[in-house]
Every structure is written in C-alpha cells, then in structure tokens.
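See below for the structure under consideration.
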There are 2 protein chains.
Amino acid sequence: MPEAPIYDPCVTVTTDGMHPDVSELRLAKVLAALGDEGRLTTVQALARLGESDCTRLQADAGLTMSRSTFSHHQKVLREAGILRARVQGSRRFLTLRRDDLNARFPGLLDAILASPASR
Amino acid sequence: MPEAPIYDPCVTVTTDGMHPDVSELRLAKVLAALGDEGRLTTVQALARLGESDCTRLQADAGLTMSRSTFSHHQKVLREAGILRARVQGSRRFLTLRRDDLNARFPGLLDAILASPASR
DNA sequence: CGACGTCGTCGATGTTTATCGAACAGCTCT
DNA sequence: AGAGCTGTTCGATAAACATCGACGACGTCG
C-alpha cells in the first residue's frame with residue numbers, strides 16, 4: 001500500500017502552489033465559498049478596503065470569531081480563487097481577485113457586491 | 001423549560017409554508033444552495049427547460065443520485081428561494097424564481113446561468 | 001380494484017465543515 | 001535577547017450535510 005499523496009490536488013496543477021489559476025476556477029466552489037455569512041461579509045469588506053491584512057479585515061468585517069477560525073475562512077476563499085494573499089514581512093495582505101473573477105464569471109462579483117449587505 | 005418550537009424558522013413568516021417570500025431571501029443562503037455541483041446543474045437545466053417535474057429534471061440534468069437524494073436537493077433549492085414547486089396531480093412541477101431573484105439580487109442569476117456549464 | 005409512477009419522509013451512516021484553544025514560526029521593535 | 005504582533009497548523013468536538021434504501025401517500029391508468 002503506497003503512502004497517501006502529500007500534495008493537495010487543488011495545488012498540484014497550480015502555478016504558485018496557493019492560488020488556483022483563472023482557468024481552474026470552478027463556479028460551484030466559488031459559490032460555496034461565498035455561501036457563508038462570515039466569508040461573504042469578509043469579501044464585501046475587502047471590496048471596500050481594496051487591500052488589507054487579516055487582522056484589519058477581520059475587524060472591519062465585524063467578525064468576532066477566533067483568529068484561527070478566520071484563518072480557516074481566509075484559506076477557503078483563497079483556495080476558491082476569490083482572494084489573493086501577498087505576504088510582506090509578518091503580515092499577509094489580501095486583495096479581491098476582481099479581474100480574474102470577472103474574466104471567468106462576468107457580472108457575478110458585481111451582483112454579489114451590489115447586494116444588500118448580507119441581509 | 002418550554003418545549004422546542006415545532007415550526008421551521010424558515011417557514012414561520014412565510015406566506016405558504018414552503019417558499020420564502022422575496023423579502024426573506026438571504027444572499028448567503030442562495031449562494032450556499034448553489035454551491036453544490038449537483039444543485040447548480042439542476043438549476044442550469046431548469047433554466048433550459050423552463051418548467052419540469054422532478055423526474056425529468058433530474059434526468060435532464062444528468063444526475064445519477066437516488067431519488068431521495070434529489071428530493072433533498074430540491075428542497076434545499078426551494079427553501080433558499082431559488083425555485084418554486086407547483087403540485088399538480090401526482091407530479092411536482094418546478095420553476096426557477098427568476099423574477100424574484102432578479103428583484104432581490106439583480107444580475108446574479110444571469111451571471112450564474114451564463115457561466116460555463118459548471119466546469 | 002390493483003399495478004404502477006411520482007414524490008416526500010424517516011432513520012442510518014459516513015463525510016465535511018465550523019469552531020476553538022494551544023502550540024508554533026517569522027517579523028519587528030526596543 | 002526578549003517581548004509582542006501576525007498569522008498558520010494541529011487536534012478535538014460538535015453540528016451540518018450528502019447519501020442511501022425502505023416505506024408510505026397519492027394520483028393515474030388499465
């Protein structure tokens with residue numbers, strides 16, 4: 001019995017080992033990632049802020065969960081291809097992948113951001 | 001200690017006890033409902049068919065799951081406010097709630113339906 | 001009436017997810 | 001060096017979810 005593979009399938013094909021390529025974005029996965037109240041408000045807050053590190057984003061989105069939980073959600077959004085992380089020093093700066101999402105799913109992001117704030 | 005309430009909160013406020021009112025549609029819930037490969041293709045198939053009973057819809061969407069599972073998914077979509085069920089005789093006819101979704105989340109449905117068939 | 005077709009519900013099972021705290025690693029600043 | 005901040009990962013737990021087969025309700029067709 002061979003050892004279980006180490007690499008995450010989501011990552012194998014991908015260029016940088018973290019963010020899926022535009023061509024790899026799957027609609028169901030994007031929608032599932034956004035289908036959570038916390039992650040949705042996170043994305044809406046990020047759209048306002050433009051770019052932000054995790055701590056500020058979490059505060060700005062008004063999320064009271066623990067940091068580890070937020071880290072988990074951030075990962076889900078990243079793996080779905082919704083946001084991009086750029087590490088600088090000890091901080092991780094997040095941005096919405098607006099262009100990529102628009103290229104692959106035209107109008108989707110606008111519709112979601114324009115929607116009444118999560119309510 | 002009082003007994004737990006019997007009624008599903010999703011249903012209590014609602015007019016007909018099955019379909020949420022337009023004003024009750026929650027974006028996160030809609031997205032979560034669509035964030036499943038099977039349900040997404042179901043909705044896309046339903047958009048093509050216009051109206052369909054469950055059996056035909058399931059076949060047309062190419063879903064091989066059991067009927068009880070499909071029934072479950074259909075319920076999720078219904079409770080999220082994405083489709084409407086009209087019972088006639090022994091059959092249940094399903095339609096997309098296009099107008100309601102457009103009214104509440106303009107552009108969302110179009111973006112989703114226009115997207116490359118689930119891939 | 002009786003067979004069949006269409007569906008929802010129930011109970012069980014296995015998987016995925018959300019959540020937390022603890023521990024850890026890397027930067028920054030003094 | 002040492003304290004503090006930023007953020008991830010791990011292990012545990014509980015809740016939610018997808019899935020199935022069996023059953024029952026109801027309509028329809030012969």
Side-chain angles (χ1 to χ4, degrees), chain A residues 4 6-11 17-19 26 28-42 46 49 51-61 63-80 83-95, chain B residues 4 6-11 16-19 26 28-29 31-42 46 49 51-61 63-80 83-95:
Chain A
I6 302 268
Y7 299 103
D8 180 354
C10 174
V11 161
M18 263 327 194
H19 304 89
R26 312 270 286 13
K29 191 158 188 168
V30 168
L31 296 177
L34 294 169
D36 174 278
E37 209 68 62
R39 290 193 292 257
L40 186 54
T41 61
T42 296
L46 189 53
L49 295 176
E51 185 177 45
S52 174
D53 62 273
C54 295
T55 302
R56 180 148 120 77
L57 178 56
Q58 178 173 2
D60 213 277
L63 300 180
T64 60
M65 56 189 56
S66 73
R67 280 182 307 119
S68 62
T69 299
F70 183 82
S71 183
H72 160 68
H73 287 310
Q74 178 260 131
K75 182 181 183 182
V76 171
L77 289 170
R78 179 162 31 92
E79 289 180 350
L83 54 80
R84 191 182 298 282
R86 173 177 68 88
V87 176
Q88 189 181 39
S90 66
R91 272 182 279 184
R92 174 181 286 259
F93 287 95
L94 307 175
T95 49
Chain B
I6 302 263
Y7 299 103
D8 179 354
C10 174
V11 161
D16 83 352
M18 264 325 194
H19 303 90
R26 310 271 287 8
K29 192 158 189 169
L31 295 178
L34 294 169
D36 173 278
E37 209 68 60
R39 290 194 291 257
L40 186 54
T41 61
T42 296
L46 189 54
L49 294 175
E51 185 177 46
S52 175
D53 62 271
C54 295
T55 302
R56 180 147 121 77
L57 178 56
Q58 178 173 3
D60 214 277
L63 300 180
T64 60
M65 56 190 56
S66 74
R67 281 182 308 116
S68 62
T69 298
F70 183 81
S71 183
H72 161 67
H73 287 310
Q74 178 261 133
K75 182 181 184 181
V76 171
L77 289 170
R78 179 162 31 92
E79 288 179 351
L83 52 81
R84 191 180 299 281
R86 174 177 67 87
V87 177
Q88 188 182 36
S90 66
R91 272 181 281 184
R92 172 181 288 256
F93 288 95
L94 308 175
T95 50

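Each chain gets a letter, A, B and so on, in the order its sequence line appears, and its residues count up from 1. This structure is a prediction, so every number in the text was calculated from the model and none was measured.
- Taking atom CD on A:E79 and atom P on C:dT17, their separation rounds to 10 Å, with Å as the unit.
- Between A:A33 and A:R39, the closest heavy-atom pair is O-NE, 2.7 Å.
- Side-chain N/O atoms of A:Q74 include one lying less than 4.0 angstrom from OP1 or OP2 on D:dT8.
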Set out, in order, the CA-CA distance, both residues' side-chain angles and the distance that settles side chain to side chain contact (heavy atoms under 4.5 Å, CB included) for A:L94 and A:Q74, then state yes or no.
CA-CA 9 Å; A:L94 307 175; A:Q74 178 260 131; 3.9 Å; yes
Please test B:E79 against B:H19 for side chain to side chain contact (heavy atoms under 4.5 Å, CB included), starting from the C-alpha separation and ending with a verdict.
CA-CA 6 Å; B:E79 288 179 351; B:H19 303 90; over 6 Å; no
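- Residues B:L40 and B:L34 approach most closely at CB-O, 3.7 Å, considering heavy atoms.
- Between A:K75 atom NZ and C:dT19 atom C1' the separation is 15 Å, expressed in whole Å.
- Of the N and O atoms on the side chains of B:S71 and B:S68, not one donor lies less than 3.5 Å from an acceptor on the other residue.
- A:R92 has its CZ atom 17 Å from the P atom of C:dA25, to the nearest Å.
- With salt bridges taken as basic N to acidic carboxylate O contacts below 4.0 Å, one links B:E37 and A:R26.
- Within 4.0 Å of B:T55, counting heavy atoms only, lie sugar-phosphate atoms of the nucleic acid but no base atom.
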Can you check each nucleotide of nucleotides 16-30 of chain D against protein heavy atoms at under 4.0 Å and return B for base, S for sugar-phosphate only, - for none, in 5' to 3' order?
--SBBB-----SS--
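- Atoms CG (A:L40) and P (C:dA18) sit 13 Å apart, rounded to a whole Å.
- Rounded to a whole Å, the CG atom of A:L77 is 10 Å from the P atom of C:dA18.
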